[in-house]
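Structure first, commentary second.
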Amino acid sequence: MKKFVLSQELSKEETLIRVEFLGPIQKEPLELEIKNLNELATILQNDKELSEWLENSAVAVNDALVSSLDCELKDGDKVSLLPPVCGG
Amino acid sequence: MKKFVLSQELSKEETLIRVEFLGPIQKEPLELEIKNLNELATILQNDKELSEWLENSAVAVNDALVSSLDCELKDGDKVSLLPPVCGG
Amino acid sequence: MLYLYDGSLNVPEILKEWYEQEATSNYGAYIPFVGTVRSEDGIEGLSFDIYEPILNSWFAAWQERAKAKGAVIKMAHSKGDVMLHESSYIAAVFSPKRRVALEFIDEFVEDFKASAPIWKYDLKNGKRVYALDRSTAISGSGLLGVRK
Amino acid sequence: MLYLYDGSLNVPEILKEWYEQEATSNYGAYIPFVGTVRSEDGIEGLSFDIYEPILNSWFAAWQERAKAKGAVIKMAHSKGDVMLHESSYIAAVFSPKRRVALEFIDEFVEDFKASAPIWKYDLKNGKRVYALDRSTAISGSGLLGVRK
């Protein structure tokens, strides 16, 4: 029983997520202790400067675009915000 | 009155039309005394070798494609037959 | 803007020339279509006849359509023999905007295939064989075959 | 088949290289799309940021779609600054048949505009200004902005 709890605590401490803001979003990367994208949404929504970018940016986890916040994160995962694009 | 008749005969004698067969139709040009495309159709339909080409060829008068046989011809006009095309 | 060549086209050279001709015309999109002779059915190459008077008026009408949309068309085609893996056809659209260019190159190439007075022959065993089965009767064909 | 360059593209050279790379691949149609910087709104040029990991996977998915139709796609894009009348983008489709090539280049270029992780900036009075009004939110954007 004790072992189980320890293991839980360990995994919790280790869940460090890197959040990157791409292209024109002028913001340094963050290192956050979060377990899923819902937690990330709550944190970023408190940052007034990001509010417009949150509305128009796509989200990638480990360089794969995601279509829902129901996405668990594990230690070392990278989340990227991609604002509106215009190649060519 | 006499003058009018003469003029008619003159214009009739002068209506020489050149008929050209383009691309793969292996036939020398013709010089025909005809007044319209209906006369041309009648003449060419008597040429067995042309029967397939008549079915699948477009017709141009003086290098403009025509969409009807109701087309009078005047002396010096050129009629061209254009078989199926395949550029590129 | 319509260029006819004896034999195969020098594609890199033509694409470069056209690009440079329009270098300062302020067109945002340049879309060439390049047609190359494919190896199939044991052919050695293709050969082309062109009837220039009607090709010229057909092309002039398309140039007018392009102009109405602020675009420009260029076209090059081979006369005579073009061997395997050589190119015989280039069409290109220059336009301020990409949608116009993308739609125009498609419509132009399709109408070219259906209407341009060019005849194709397979070169096979040293002979020139009319490619009837791949050819398209021009719209309105058959007028002179109708019996009264 | 995806080439990124610092600054503007040498269009004639790239079109030539690609043509020669596929010279004996037996493709009948080669359709490049070339994008050139237009003079408008007093800009001096454009500048581009690219996020390569997602660009690479986006491009690989398109290459698979092309392969399923017997076609090949190539693409070149600039990073950094590209001045007026210089080119920043080339996409090209090679395909045995013209219809596949004509449809593919259109779909590819449109999806490129809507999805490729590239950001465009106007160069104006020496400054780099994000071209938000001409940019497109990637499909599914806005997830993190939804309040519970």
Side-chain angles (χ1 to χ4, degrees), chain B residues 17-73 76-88, chain C residues 4 9 33-38 46-59 61 75-79 82 87-91 108-122 128-148:
Chain B
I17 305 299
R18 182 179 172 87
V19 183
E20 294 185 349
F21 302 90
L22 300 180
I25 314 180
Q26 299 285 327
K27 189 171 172 69
E28 290 299 305
L30 303 173
E31 297 274 353
L32 298 174
E33 270 193 50
I34 50 177
K35 281 177 304 188
N36 55 55
L37 290 179
N38 276 304
E39 288 183 25
L40 178 62
T42 305
I43 293 170
L44 296 183
Q45 285 172 10
N46 286 325
D47 184 340
K48 284 268 154 41
E49 284 176 29
L50 278 180
S51 62
E52 276 186 52
W53 294 119
L54 296 185
E55 301 291 339
N56 64 16
S57 290
V59 183
V61 174
N62 300 330
D63 295 329
L65 291 169
V66 298
S67 56
S68 146
L69 293 185
D70 299 330
C71 175
E72 296 302 305
L73 299 171
D77 278 355
K78 176 174 71 169
V79 177
S80 312
L81 269 74
L82 295 91
V85 296
C86 188
Chain C
L4 302 180
L9 305 181
F33 175 106
V34 179
T36 299
V37 178
R38 300 189 68 220
L46 298 174
S47 191
F48 298 92
D49 285 343
I50 298 183
Y51 185 61
E52 297 187 29
I54 293 183
L55 183 66
N56 288 337
S57 52
W58 170 85
F59 186 77
M75 181 180 133
H77 204 287
S78 298
K79 297 187 282 186
V82 181
S87 300
S88 53
Y89 177 51
I90 314 180
F108 179 80
V109 168
E110 290 302 321
D111 189 52
F112 167 82
K113 286 280 175 185
S115 310
I118 301 179
W119 296 279
K120 180 180 282 179
Y121 305 83
D122 289 332
R128 204 169 184 252
V129 184
Y130 174 50
L132 175 59
D133 56 330
R134 276 129 61 213
S135 298
T136 307
I138 294 171
S139 172
S141 287
L143 276 185
L144 290 174
V146 178
R147 288 173 187 275
K148 280 160 296 185

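Values below: all heavy atoms of this structure, side chains included; hydrogens, waters and symmetry mates excluded. First the proteins, then the strands, lettered A, B, ... as listed; each starts at 1.
By the 4.5 Å heavy-atom criterion applied to side chains, C:Leu132 and B:Pro84 are counted as neighbours.
Heavy-atom distances place the backbone of B:Ser68, and not its side chain, under 4.5 Å from chain C. Contacts of C:Val146 with chain B are made by backbone atoms alone, with heavy-atom separations under 4.5 Å and no side-chain atom involved. Within the 4.5 angstrom heavy-atom criterion, atoms from both the backbone and the side chain of C:Arg147 approach chain B. Of the atoms belonging to C:Ala91, not a single heavy atom falls under 4.5 Å from chain B. For C:Thr36, no part sits under 4.5 Å from any heavy atom of chain B, backbone or side chain. Contact annotation for C:Ala131: neither backbone nor side-chain heavy atoms come within less than 4.5 Å of a heavy atom of chain B. Proximity to chain B (any heavy atom under 4.5 Å) is shown, for C:Thr136, by both the backbone and the side chain. Only the side chain of B:Leu44 comes within contact range of chain C, with at least one heavy atom under 4.5 Å from a heavy atom of that chain. Contacts between B:Gln26 and chain C at a heavy-atom distance below 4.5 Å are absent for every atom of the residue. Only the side chain of C:Tyr121 comes within contact range of chain B, with heavy atoms under 4.5 Å apart.
Between B:Gly88 and C:Ser88, the shortest heavy-atom distance links the atoms O-OG, 3.2 Å. The shortest non-hydrogen separation linking B:Ala60 to C:Ile54 is CB-CD1, 3.6 Å.
Chosen from C:Ala137, C:Ser139, C:Pro117, C:Ser78, the residue pairing most often with chain B at heavy-atom distances under 4.5 Å is C:Ala137. No other option in C:Ile138, C:Val82, C:Asp49 has as many heavy-atom pairs under 4.5 Å with chain B as C:Ile138. For the set C:Gly35, C:Gly140, C:Pro53, C:Ser87, the entry with the most heavy-atom pairs within less than 4.5 Å of chain B is C:Pro53. The greatest number of non-hydrogen atom pairs below 4.5 Å with chain B, out of C:Ile118, C:Val34, C:Val37, is found for C:Ile118.
With hydrogens and angles ignored, the 3.5 Å screen pairs no side-chain donor or acceptor of C:Lys120 with any backbone N or O of B:Val85.
Within a 6.0 Å radius of CD in B:Glu52, no more than 12 heavy atoms belonging to other residues, nucleotides or ligands are found. Atom CD of B:Glu28 has 12 or fewer neighbouring heavy atoms from other residues, nucleotides or ligands inside a 6.0 Å radius.
Rounding to the nearest 0.5 Å gives a distance of 5.5 Å between CG of C:Leu144 and CG of B:Leu81. The distance from atom OG of C:Ser141 to atom CG of B:Leu82, rounded to the nearest 0.5 Å, is 8.0 Å. From B:Leu22, atom CG reaches atom CD1 of C:Ile50 across 12.5 Å, with rounding to the nearest 0.5 Å. The CG atom of B:Leu54 sits 10.5 Å away from the CG atom of C:Leu143 when rounded to the nearest 0.5 Å.
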May I have the step-by-step check of side chain to side chain contact (heavy atoms under 4.5 Å, CB included) for C:Trp119 and B:Cys86, ending in yes or no?
CA-CA 5 Å; C:Trp119 296 279; B:Cys86 188; over 6 Å; no
From CA spacing to verdict: side chain to side chain contact (heavy atoms under 4.5 Å, CB included), C:Trp58, B:Leu65
CA-CA 10 Å; C:Trp58 170 85; B:Leu65 291 169; over 6 Å; no
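Aromatic rings from B:Trp53 and C:Tyr130 are positioned such that their centres are separated by under 6.0 Å.
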